[in-house]
Every structure is written in C-alpha cells, then in structure tokens.
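Report on the structure given below.
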Amino acid sequence: MNQYAHIEQPNQYADDEIDLRQLFATLWAGKWLIIAFTIVFAAGGVAFALSKPDIYQANVLVAPANEEGGTQGLSGQLGGLASLAGINLGSGGSNQIVIAKEVLQSRAFLSNFIRKHKLAVPLKATIGWDMNSQQWHYDRELYNPGTGEWQLNDDGESKAPTDWDLVKAFRENHLSVSESKDTGMLTLSIKSLSPTAAKEWATQLIADINEHMRREDVGTSEARITYLESKLSETNIAGMQQVFYQLIESETRTVMLANAQPEYVFKTVDPAVAPQEKSEPKRALIAVLAVMLGGMLGVFVVFVRAFIKKN
C-alpha cells in the first residue's frame with residue numbers, strides 16, 4: 001500500500017500544477033475582458049459619485065437641563081400634599097427627558113416643526129445648493145420658484161407633498177438622534193444639501209422641543225392651579241385651606257421657573273455650526289468599490305466562459 005501511495009503522490013502534484021497553470025492561462029486569455037469590465041465599472045462608479053450632490057451634516061450636543069426633568073420634583077411634592085387633602089392629581093412618574101426624546105421624533109411634533117419653519121420645499125423640491133449665491137436649486141418639475149407654487153400632475157392635481165411624505169423624508173434622510181450611554185448626553189444630527197440649512201434646522205429643533213415641553217408643563221400647572229382654586233373656594237376648614245395654598249404656591253413656582261428657563265429640557269453643550277466639509281457622498285470609496293466589483297465580475301465572466309467552452 002505504501003508503494004502505491006508513493007507512486008501516486010507525484011501525479012497528484014502534477015495535476016495541481018497543471019490546474020494552476022490552466023487557471024492563470026484562463027485569466028491571461030480573458031485579460032482584456034477583465035480590463036474592459038473594470039474600466040466600465042470604474043467609469044460608472046465615478047459618474048455615479050460625481051452625480052450625487054454634496055450632503056452636509058450639522059451636529060448639536062445637548063444634556064438634560066434638569067436631572068429629574070422639568071417639574072418632576074415639584075410634582076412629587078404636589079402629590080404628597082394633595083394626598084393630605086384627599087385629592088388625586090395624578091403622578092409624575094414618567095421621566096420627562098425620555099418623553100422629550102420621543103416627542104422630538106414623533107410625527108405630530110415633526111409635522112408642526114416642518115409647517116412652522118416652511119420646510120416643505122427644501123425637503124422635497126430641491127436638488128442642490130449654490131454656495132456662491134446661498135440659494136437652493138429647485139426641481140422645476142415639482143415646484144415653480146417663480147410663482148411659489150407646486151406643479152400639477154397629469155390629472156390636474158397638485159404635486160405638493162403631504163405631511164406624511166414630509167415627516168417620512170425628514171426622518172429617513174435628514175434627522176438622526178443618538179444617546180451616549182455613559183454620559184446620558186444626546187447628539188442630534190441634521191443632514192442637508194445646504195450647510196446653512198443643516199445648522200439652522202438643528203438649532204431650531206432643540207429650541208422648539210424645549211418650547212414645546214415648557215408649554216405643556218405650564219399648561220398642566222395652570223390647569224392644576226385652576227382646579228385647586230376651585231377646591232379652595234369650596235372649603236371653610238382652615239387646615240385644608242392651608243394645604244391648598246401650599247399646592248397653589250408650588251404650582252405657581254413651577255410656572256415661574258418654566259417661563260424663566262429658555263433651555264427647559266435640553267441644555268446645549270456644543271451648539272450646531274455650519275459644516276465646511278461634506279459628510280456624503282464618499283466619492284473615493286464609491287470609485288474603489290466600483291473598480292473592485294468590475295474586476296471581480298470580469299474574472300467571474302472569464303471563468304464561466306471558459307467552463308462553457310470546455311464542456
């Protein structure tokens with residue numbers, strides 16, 4: 001058995017050597033096809049990369065303005081005093097920071113934000129940004145900048161996007177929010193064809209979410225004050241009146257502090273600035289990937305063609 005094995009081993013090496021030679025011979029015979037595929041894909045990749053507009057990203061770093069979130073501490077005090085009077089005003093157990101982060105990305109808030117700052121046209125009807133004139137390039141098939149009106153489709157209906165379309169586009173193409181697990185800080189990023197718009201939208205988002213949460217808390221406290229004043233007028237017991245006065249004082253203090261604090265929920269640590277360098281597209285990476293893909297596809301086609309000829 002050892003003699004047979006000793007005799008077959010050189011033949012096996014010879015077969016491997018022949019296969020390797022055939023492999024390189026096949027590649028050499030199809031070199032022009034591989035080169036052609038590589039050139040075509042490289043040209044396509046470069047053309048695709050150059051056709052994509054520059055996208056800029058502005059970031060703003062914020063931290064919770066209050067560790068307990070807004071009026072949560074006062075809500076706890078309110079609940080304790082209210083229980084003494086036998087009144088249930090609800091609990092403030094929900095973390096206001098968590099609520100603010102969810103509201104920031106909610107459809108209702110973003111829809112109001114887009115309408116307030118008139119972002120429908122920049123979001124859906126622009127194809128570029130002129131750095132020299134600081135003006136948008138519009139898609140005139142969708143929007144007429146001269147008249148300020150949306151174009152009509154074949155059925156005579158306006159091509160103006162719906163709130164659903166605008167919020168979807170803003171979420172998917174422009175807005176991203178990330179949180180640091182170690183520090184609890186929040187990074188809000190806005191992408192846009194315009195570096196100026198990216199910076200403005202990021203700044204406006206933080207300002208609007210602070211204003212929204214403050215308005216909600218002030219409205220809640222004012223409603224509680226009205227409720228407590230009505231209860232106060234219904235009782236003649238001195239002890240109960242004292243409790244109601246303390247509750248009203250607590251809610252009044254909440255309203256005063258909320259109105260005196262511009263950065264109500266999120267405090268800006270690092271404000272947004274207009275980026276000077278684009279974040280997308282990675283044109284060099286796109287070109288390299290296109291060259292690699294073209295070369296691999298060319299090699300594959302050469303081997304397939306050689307296999308078909310062989311059989």
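Both backbone and side-chain heavy atoms feed into the values below; hydrogens, waters and symmetry mates do not. Numbers here simply count residues along the sequence, with the first being 1.
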Tell me whether [Y] is reachable from [X] by hopping between hydrophobic residues (I, L, V, M, F, W, Y) whose side-chain heavy atoms are closer than 4.5 Å.
X    : Y    : value
V291 : V299 : no
I55  : M131 : yes
L50  : F41  : no
I308 : F300 : yes
F244 : Y227 : yes

Using 0.5 Å steps for rounding, measure from the [atom1] atom of [X] to the [atom2] atom of [Y].
X    : Y    : atom1 : atom2 : answer
I248 : I225 : CD1   : CD1   : 7.5 Å
L188 : L175 : CG    : CG    : 5.5 Å
K282 : E280 : NZ    : CD    : 7.5 Å
R224 : E229 : CZ    : CD    : 14.5 Å
M296 : F37  : CE    : CZ    : 13.0 Å
Q242 : L232 : CD    : CG    : 10.5 Å

Side chain to side chain contact (heavy atoms under 4.5 Å, CB included) partner of K101, the single match among I97, I99, L104, V103: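 The single option meeting the side chain to side chain contact (heavy atoms under 4.5 Å, CB included) with K101 is I97.
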Taking [X] for its side chain and [Y] for its backbone only, find out whether a donor-acceptor pair lies under 3.5 Å.
X    : Y    : value
R115 : D163 : no
E263 : T268 : yes
K31  : I34  : no
S111 : A108 : no
R283 : K52  : yes
N210 : F266 : yes
S221 : T252 : no
N153 : D155 : yes

Is any side-chain heavy atom of [X] closer than 4.5 Å to a side-chain heavy atom of [Y]?
X    : Y    : value
L186 : E179 : yes
Y264 : D217 : yes
L23  : F303 : yes
L257 : R253 : yes
W129 : P195 : yes
I127 : L193 : no
P122 : W201 : yes
S192 : N173 : no

Atom CD of E277 with >12 non-hydrogen neighbours under 6.0 angstrom: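 No, CD of E277 has 12 or fewer neighbouring heavy atoms, counting only those of other groups under 6.0 Å.
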Criterion side-chain contact (heavy atoms from CB on, under 4.5 Å) on L166 and L110, from CA distance to verdict: CA-CA 9 Å; L166 293 171; L110 291 179; over 6 Å; no
Any idea which heavy atoms bring [X] and [Y] closest together, and the distance?
X    : Y    : answer
T203 : A272 : OG1-CB, 3.9 Å
A100 : I209 : O-CD1, 3.7 Å
M213 : Q96  : CE-CG, 3.7 Å
A29  : R305 : O-NH2, 4.3 Å
M185 : A63  : CG-CB, 4.1 Å
K199 : V273 : CG-C, 3.5 Å

Plane angle bin for W150 and Y143 - parallel if under 30°, tilted between 30 and 60°, otherwise perpendicular: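 Perpendicular.
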Aromatic ring pairing H212/F109, orientation class (parallel under 30°, perpendicular over 60°, tilted between):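 Rings of H212 and F109: perpendicular, as their planes differ by over 60°.
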Ion pair check, D165 and K124, cut-off under 4.0 Å: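 No, D165 and K124 are not salt-bridged.
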Lys/Arg-Asp/Glu bridge criterion (N-O < 4.0 Å) met for R215, D208: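 Result for this pair is no, no salt bridge flagged.
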Residues L152, S158; criterion side-chain contact (heavy atoms from CB on, under 4.5 Å); working and verdict: CA-CA 4 Å; L152 303 179; S158 174; 4.3 Å; yes
